[in-house]
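Have a look at the structure below before the remarks.
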Amino acid sequence: MILGLSLLSFSSSANERVEMLKNDFPQCLVRLQQQALDSGVSAQTNQQVLANLKPIEKLLQYDSNQPEFVQTFTGYFSKRVNDWRINKGREQLRKHKTFLAKLTQEYGVPGHYLVAFWGLETNFGAYKGKIPTLNALATLACDKRRSEYFSGELVQALLLLEREGLSAKEMIGSWAGAMGHTQFMPTAYMKYAKDGDGDGKADLWNNEKDALASAANFLQNLGWKAGYRWGREVLLPEDFNYQLAGKSQAKPLSFWHEQNLQKVNGKAVGKADLEASLLIPAGHLGSAFLVYPNFDVILRWNNSEFYGIAVGHLADRISGQKKLSKPLPDLPKYTVEEMQNFQDKLNQLGFDVGVADGILGPATRKGVRKFQASVGLIADGYPSKKTVEAVKAAELPSESAKPLESSETAK
């Protein structure tokens, strides 16, 4: 997935990493050459390609940059599931109709899902990245933060270059090494890329059929269940218990039927033999989603619930289904520091949200739901202004109120 990060001034940590990179890069290349040889990369490629790679210092800036504000579902979703992407997706679905039908028959993944992934990853190939992949991977392999991972990806990229008869100049992509229409990392490219049009090559940069076939193969190997949806938007009853929500609380579909959840057309969700979790990414004022096992497969492509919902709903819209039944709510914007302070206070109050990282993830939502329920607020897990103010106002438990551990109780 391409990360669109703005060019900000180097942080002190990024500056330190750049200095270390400058000092360590020559010796790091020696290590990488040996690793490549041990993994089957030819001596010729080692000498002519790997030995001549150069670091790209600004990549450490991209890797160090942190967003100023917490990402909201409204902000994320509205930028990705828009009219342009829906209309362009429908156009691509028509263009590749016959080929996509063959892929569905072979891999079990419907064409509108493949087109949705393609649209979110690179705007249907409009932007595949412009950074030299091998130099990018060498840079990140020689940075200590994730050296082992990127060293392995660099070796796979060199093996890919040899297998597909590529030149280093042809291999361009995102700053983190993702390549082609579907932004595959080298390991995924090596394992799952397919020759979709039968020309003897798997070219994910220039060949749309190769890219779509590869995406279908990848999803099948990730566990896609043929004949099933990703999930759906649902309507909740007025007296719904919001503490049942959360990705980790999967229940049989029959359970949700008993809770009186409905499809947006007013019909019951049914009692199919299927596990499902309820997600409420924008609080009770926004849409609710019942997600099925194929949603987990989407998360194996990109482990973000927002991404998973965006892929699923974009696929629905591309296939002709209606927009969400509720407008996207106008959610409060919090800085990362404000969210960290909020998380810290919840932890101090005894509502475990894990590390105060400023990210509104599943652990934070779970803790927020418990706090909301304890003070009589709608326990939807979203930090509304009322919730945040209630957390700020809550008194911390005093030390004297805590039970003392005596020698007897310690035994």
Side-chain angles (χ1 to χ4, degrees), residues 1 71-94 100 104 109-124 182-183 212 215-216 219 222 224-225 227-236 245-247 250 253 256 261-267 269-270 274 276-331 360 362 365 380-382:
M1 181 178 181
Q71 178 78 273
T72 67
F73 179 73
T74 293
Y76 183 97
F77 188 89
S78 61
K79 291 176 182 177
R80 288 161 178 80
V81 186
N82 52 39
D83 288 343
W84 179 87
R85 203 170 263 126
I86 293 166
N87 292 331
K88 187 68 175 179
R90 290 172 177 172
E91 178 185 316
Q92 295 291 352
L93 191 66
R94 290 191 295 270
L100 289 169
T104 302
V109 185
H112 52 286
Y113 288 100
L114 300 175
V115 173
F117 276 103
W118 184 20
L120 283 183
E121 292 298 330
T122 60
N123 279 341
F124 310 102
T182 46
Q183 291 294 277
L212 291 168
L219 288 166
L222 291 178
W224 189 273
K225 294 183 179 296
Y228 290 94
R229 299 170 55 93
W230 70 277
R232 66 172 74 248
E233 184 190 6
V234 292
L235 304 178
L236 308 178
K247 181 68 183 63
L253 197 58
W256 300 112
L261 270 64
Q262 295 181 336
K263 301 176 184 178
V264 292
N265 62 8
K267 295 182 179 180
V269 295
L274 200 64
S277 300
L278 183 71
L279 302 183
I280 309 174
H284 68 281
L285 296 177
S287 293
F289 302 91
L290 207 55
V291 296
Y292 307 144
N294 279 338
F295 185 79
D296 293 330
V297 176
I298 298 174
L299 298 192
R300 293 182 195 120
W301 181 304
N302 183 325
N303 191 26
S304 160
E305 291 182 2
F306 286 4
Y307 179 88
I309 294 171
V311 165
H313 188 66
L314 178 60
D316 289 345
R317 296 301 312 279
I318 288 171
S319 68
Q321 296 182 45
K322 296 180 179 180
K323 64 182 181 181
L324 297 179
S325 66
K326 291 184 177 182
L328 293 169
D330 185 14
L331 301 175
L360 186 56
R365 291 181 183 277
D380 59 7
Y382 192 82

Query raised in the report: Are the charged groups of Lys88 and Glu91 less than 4.0 angstrom apart, N to O?
Result: yes
Query raised in the report: Are any of the side-chain heavy atoms of Ile280 and Leu236 separated by less than 4.5 Å?
Result: yes
Query raised in the report: Any salt bridge (Lys or Arg N to Asp or Glu O under 4.0 Å) pairs touching residues 276-287, not counting sequence neighbours?
Result: none
Query raised in the report: Can you find a heavy atom in the side chain of Val234 that is under 4.5 Å from one in the side chain of Leu278?
Result: yes
Query raised in the report: With a 4.5 Å heavy-atom cut-off, do His313 and Gln321 have their side chains touching?
Result: no
Query - All ring-ring contact (aromatic ring centres under 6.0 Å, His included) counterparts of Tyr292, not counting sequence neighbours - result: none
Requested in this report: Compare all side-chain heavy atoms of Phe77 with those of Ile309 and state whether any distance is below 4.5 angstrom.
Outcome: yes
Report task. Would you please name every residue forming a ring-ring contact (aromatic ring centres under 6.0 Å, His included) with Phe117, sequence neighbours left out? Result -> Trp301
Requested in this report: Report the relative orientation of the aromatic rings in Phe295 and Trp230; use parallel for angles under 30°, tilted for 30 to 60°, perpendicular for over 60°.
Outcome: tilted
Query raised in the report: Do the non-hydrogen side-chain atoms of Leu314 and Ile86 ever get within less than 4.5 Å of each other?
Result: yes
Report summary line: Sorted by chain and number, sequence neighbours left out, side-chain contact (heavy atoms from CB on, under 4.5 Å) with Lys326 holds for Ser287
Requested in this report: Using the salt bridge (Lys or Arg N to Asp or Glu O under 4.0 Å) rule, collect all pairs that involve residues 299-315, keeping only residues at least two apart or in two chains.
Outcome: none
Query raised in the report: ring-ring contact (aromatic ring centres under 6.0 Å, His included) with Tyr113: which residues, sequence neighbours excluded?
Result: Trp224
Report task. Would you please name every residue forming a salt bridge (Lys or Arg N to Asp or Glu O under 4.0 Å) with Arg85, sequence neighbours left out? Result -> none
Query - Residues which pass side-chain contact (heavy atoms from CB on, under 4.5 Å) with Asn265, listed by chain and number, not counting sequence neighbours - result: Lys263, Lys267
Requested in this report: Quick one: list whatever passes side-chain contact (heavy atoms from CB on, under 4.5 Å) with Pro293, sequence neighbours left out.
Outcome: Lys225, Leu274
**Report entry** Leu219 and Leu114, any side-chain heavy atoms less than 4.5 Å apart
**Finding:** yes
Requested in this report: Step by step, work out the side-chain contact (heavy atoms from CB on, under 4.5 Å) result for Val115 and Leu100.
Outcome: CA-CA 9 Å; Val115 173; Leu100 289 169; 3.9 Å; yes
Report task. Tell me, please, which residues at least two apart from Thr104 pass side-chain contact (heavy atoms from CB on, under 4.5 Å). Result -> none
Requested in this report: Check salt bridge (Lys or Arg N to Asp or Glu O under 4.0 Å) between Asp316 and all other residues, then give those that pass, not counting sequence neighbours.
Outcome: Arg229
Query - Minimum side-chain heavy-atom gap Arg232-Phe289 below 4.5 Å - result: no
Requested in this report: Give a yes or no on whether Phe306 atom CZ has more than 12 heavy-atom contacts from other residues, nucleotides or ligands under 6.0 Å away.
Outcome: yes
Report task. Please collect all salt bridge (Lys or Arg N to Asp or Glu O under 4.0 Å) contacts where either partner lies in residues 276-295, sequence neighbours excluded, each pair once. Result -> none
Query - From CG (Leu261) to CG (Leu235), nearest 0.5 Å - result: 8.5 Å
